[in-house]
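One structure is given here, and the rest of the page talks about it.
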Amino acid sequence: MFDITWLFVRFGGILFVSGILLDVEIIVLISGLTLLHMNLGLRTILTDYIHIEKIKLTLLFLVRISSIEISRYLLELLL
């Protein structure tokens with residue numbers, strides 16, 4: 001059960017608790033790790049539970065587009 005996804009999730013939690021009010025770079029890093037966590041989690045759920053390939057590819061494409069849009073809105077919020 002130990003893989004890179006597990007490591008990213010734990011690392012993001014440590015950074016979130018320790019440095020939420022320290023610096024803008026920490027907030028950008030935390031938001032990036034949150035988006036990565038969201039993207040990896042949704043991709044895992046879709047690949048595990050959706051078995052029709054056309055629907056799976058469509059939903060994976062929508063997850064990728066939504067993560068791009070959310071990151072764009074976060075950058076607009078910070079700037």
Side-chain angles (χ1 to χ4, degrees):
M1 291 284 285
F2 182 75
D3 58 350
I4 195 74
T5 306
W6 183 87
L7 189 64
F8 279 142
V9 171
R10 294 330 185 252
F11 186 64
I14 290 170
L15 286 178
F16 181 75
V17 170
S18 65
I20 189 69
L21 297 174
L22 291 178
D23 212 3
V24 173
E25 291 88 7
I26 297 293
I27 294 172
V28 170
L29 183 65
I30 290 170
S31 63
L33 286 173
T34 304
L35 286 171
L36 179 67
H37 174 71
M38 178 200 71
N39 194 0
L40 290 174
L42 287 174
R43 287 180 61 150
T44 302
I45 290 170
L46 289 176
T47 54
D48 285 346
Y49 294 113
I50 307 275
H51 300 293
I52 302 170
E53 285 297 319
K54 288 182 182 178
I55 295 173
K56 187 189 310 185
L57 289 175
T58 303
L59 291 174
L60 287 173
F61 178 72
L62 290 175
V63 166
R64 182 173 291 175
I65 293 297
S66 67
S67 66
I68 291 170
E69 288 295 317
I70 290 171
S71 64
R72 186 180 70 133
Y73 289 135
L74 281 173
L75 283 174
E76 285 180 8
L77 179 69
L78 292 175
L79 295 177

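On a predicted model such as this, the values are computed, not experimentally measured, just so you know. Values reported hereafter were calculated over all heavy atoms of this structure, with side chains retained and with hydrogens, waters and symmetry mates removed.
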Compile the donor-acceptor pairs under 3.5 Å between side chains in residues 38-52 and protein atoms, sequence neighbours left out, one pair per line.
from  : atom 1 : to    : atom 2 : distance (Å)
Thr44 : OG1    : Leu40 : O      : 2.8
Thr47 : OG1    : Arg43 : O      : 2.9
Thr47 : OG1    : Thr44 : O      : 3.1

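For residues 62-72, the side-chain hydrogen bond (donor to acceptor under 3.5 Å, both in side chains) pairs, not counting sequence neighbours, are Glu69-Arg72.
Grouping Ile, Leu, Val, Met, Phe, Trp and Tyr by side-chain contacts under 4.5 Å, direct or through others, puts Ile65 with Phe61.
Cluster annotation: Leu62 is connected to Ile70 through the hydrophobic network of ILVMFWY side chains, with a link wherever side-chain heavy atoms come within less than 4.5 Å. Residue Leu57 is not grouped with residue Leu59 when hydrophobic side chains (ILVMFWY) are merged at heavy-atom distances under 4.5 angstrom, including chains of intermediate members.
Summarising the geometry, atom CG belonging to Leu74 is positioned 8.5 Å from atom OG1 belonging to Thr34; distances are rounded to the nearest 0.5 Å.
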